[in-house]
Amino acid sequence: MPRDGSGVSDNVAVPAPLITIAEARELVLQATAPLGVEMVAIADARDRVLAADVAAVGDVPPFPCSAMDGYALAPGEADRTLAVAGESRAGAPSTRPLGEGEAIRISTGGAIPAGATAVIPQENVEVEGESIVTRSVVHEGDHIRDKGEDMRAGTTVLRAGRVLGAAELGAAVAAGVGALTVARRPTVQVLSTGDELRAPGEPLGPGEIHNSNGPMLVALAAHQGAVTVPPGRLPDDRAATEQGLAKALQNADVVIVSGGVSVGPHDHVKPALADLGVEEVFWRVALQPGKPTWFGRRGSTLVFGLPGNPVSAVVTFSLFVRPALAALQGRAEEHPLDLEAVLATPVRRNPDREQALRVRLERRNGQLMATPNGPQGSHIVTSLLGADALALVPAGQGELEAGATVMLESLPR
Ligand code: AMP
Ligand code: MG
């Protein structure tokens, strides 16, 4: 049965119990399965999520090579005079082995010639015509990078679930790989509901406001690896809402609707979704801001109905949509953050709902301190500016005192 309290009779409104943030997130994750994989060239793999382990094709370095510009030689005492018998440059190995009484000029990355077992840096020799005089003792193995010192052929270098940043791409290329198996990116459609909404920069008529949520939710989804289609706007009209949602459901893996999920007479999202066969998983979370959050699914398509207030939309995206986008891509998730901080100021608690405060974080005396980032109303968009994280304040009476420990949740960009 839906958890929306709609199964009431005799005009007795029995409010459905609100579920916790953790319960809601668990329900989201239960409904979410990885989307599938595709191969992409290294050049297109940045920020994608690796979907298969990467093993080194060969040893890295592939051959013993020099760590210095100098001379390849045999170990020995200082003050030896050796004939320079050739050169081994990076990319152009010496064609001839090292002979008795010889040194071979070598550059960093140059292959160690057969017969040589050490390198002397050029600053430790004196050049005399076609010979060098060594000015330091040379030990076996000096300044030689061993074959396979970085990676051994066949060993796993990267595990599935990693986001591919510069280091991962560099390691994959060194491992000998030219293309990577990555998770398919979820397609996300953002829809903003409300007759009052105007596009960015448009002049406002009476009672109108700008649509902040559309661009914010697109930015958030894109930052989580989603392919975002241009955001849409739905008027507060039942038929138009249903039409817009039907189209979005056809094209997207995830539909994010903002606004219109409360209990007002102009909130058409829930009934429209029900008529479109989107099954409700939960409605309403014991969370401030974000109580009216709705989540449902049709087959593998996920639908989030986020509250209209911009801060509520961002908070509920962070807590519920972000983990879903990560799970769709098989991303090793850092949710919950499992990081705690100490409240810098007392906070009035909500008797029934956990609060997600936008906080600034700073370290004082080795302690992570969380300070609320200005007024916390769900319409105060500026409370998001410069906020480092969400701090969860448990439901309860009175105040949570300064110095109390709070759990943190990440606030994605
Ligand atoms: P609703 O959830 O539709 O009742 O909206 C709650 C509040 O959020 C109202 O004040 C709306 O005007 C505001 N709101 C709804 N959608 C947006 C949006 N896309 N951008 C900015 N504010 C919005
Ligand atoms: Mg509305």
Side-chain angles (χ1 to χ4, degrees), residues 4-6 15-16 18 24 188-222 226 228-245 248 252 254-274 278 280 282-296 303-321 350 353 355-356 358 374-385 387 411-412:
D4 63 1
S6 63
L18 302 182
V188 169
Q189 167 84 67
V190 171
L191 294 170
S192 308
T193 72
D195 285 340
E196 73 276 33
L197 301 181
R198 284 290 157 265
E202 266 184 19
L204 298 177
E208 293 179 344
I209 61 169
H210 287 118
N211 175 5
S212 310
N213 292 352
M216 274 202 304
L217 291 168
V218 166
L220 287 164
T228 54
V229 295
R233 191 185 71 83
L234 302 176
D236 290 322
D237 165 87
R238 174 60 196 276
T241 298
E242 192 162 328
Q243 216 176 16
L245 286 169
V254 179
V255 178
I256 305 174
V257 190
S258 83
V261 284
S262 293
V263 288
H266 306 292
D267 293 332
H268 300 291
V269 172
K270 285 183 342 103
L273 286 170
V278 181
E280 178 174 297
F282 68 77
W283 179 43
R284 308 209 305 165
V285 181
L287 165 64
Q288 183 189 29
K291 180 176 166 187
T293 305
W294 189 97
F295 173 65
V303 182
F304 291 89
L306 306 185
N309 277 303
V311 173
S312 314
V314 171
V315 165
T316 53
F317 179 97
S318 307
L319 295 175
F320 308 120
V321 186
N350 180 305
R353 294 183 276 153
Q355 280 176 81
R358 280 76 66 211
Q376 295 283 317
S378 60
H379 59 299
I380 307 285
V381 187
T382 50
S383 73
L384 295 166
L385 294 174
L411 186 60

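We use all heavy atoms of the structure for the numbers below, so side chains are in, but hydrogens, waters and symmetry mates are not. Numbers here are sequence positions counted from 1. In this text the structure is predicted, and so the values were computed from the model without any measurement. We count ligands from 1, going down the list as the structure has it; atoms in each ligand are counted the same way.
- For ligand 1, the atoms closer than 4.0 angstrom to any heavy atom of H210 are 20 (N), 21 (C).
- In this structure, L197 and I209 have side chains that are in contact, with non-hydrogen atoms separated by less than 4.5 Å.
- Counting the atoms of ligand 1 from 1 in the order shown, those under 4.0 Å from a heavy atom of P310 are 21 (C), 22 (N).
- Annotation: side chain of V190 is not in contact with side chain of F317 (no heavy-atom distance under 4.5 Å).
- Counting heavy atoms closer than 4.0 Å to ligand 1, residue V261 contributes nothing at all.
- The atoms of ligand 1 that sit less than 4.0 Å from any heavy atom of I209 are 12 (O), 21 (C), 22 (N), 23 (C).
- For atom 17 (C) of ligand 1, the choice among N213, D267, L306, D236 with the nearest heavy atom turns out to be N213.
- When side chains are defined from C-beta on, V311 counts as touching S383, because their heavy atoms get closer than 4.5 Å.
- The aromatic rings of F295 and F282 sit tilted relative to each other, their planes meeting at an angle between 30° and 60°.
- For atom 5 (O) of ligand 1, the candidate residues are S312, G308, A313; the nearest heavy-atom contact is made by G308.
- Counting non-hydrogen atoms of neighbouring residues, nucleotides and ligands closer than 6.0 angstrom, the CD atom of E202 exceeds 12 such neighbours.
- Close approach to E196 involves these atoms of ligand 1, each under 4.0 Å from a residue heavy atom: 11 (C), 12 (O), 15 (C).
- Residue G264 places no heavy atom under 4.0 Å from ligand 1.
- More than 12 heavy atoms of other residues, nucleotides or ligands lie within 6.0 Å of NE2 in H210, so this atom counts as buried by the packing criterion.
- Atom numbering of ligand 1 starts at 1 in the shown order; those under 4.0 Å from a heavy atom of T193 are 16 (N).
- Closest heavy-atom approach to atom 1 (P) of ligand 1 among the candidates S212, S258, G260: G260.
- Counting the atoms of ligand 1 from 1 in the order shown, those under 4.0 Å from a heavy atom of N211 are 18 (C), 19 (N), 20 (N).
- Across L234 and A240, no two heavy atoms sit closer than the pair CD2-O, 4.1 Å.
- When all heavy atoms are compared, the tightest approach of A272 to L245 is CB-CD1, 3.9 Å.
- A 4.5 Å side-chain heavy-atom check between F320 and L287 finds at least one atom pair inside the cut-off.
- Within ligand 1, the atoms closer than 4.0 Å to a non-hydrogen atom of N309 are 6 (C), 7 (C), 8 (O), numbered from 1 in the order shown.
- Counting heavy atoms closer than 4.0 Å to ligand 1, residue H266 contributes nothing at all.
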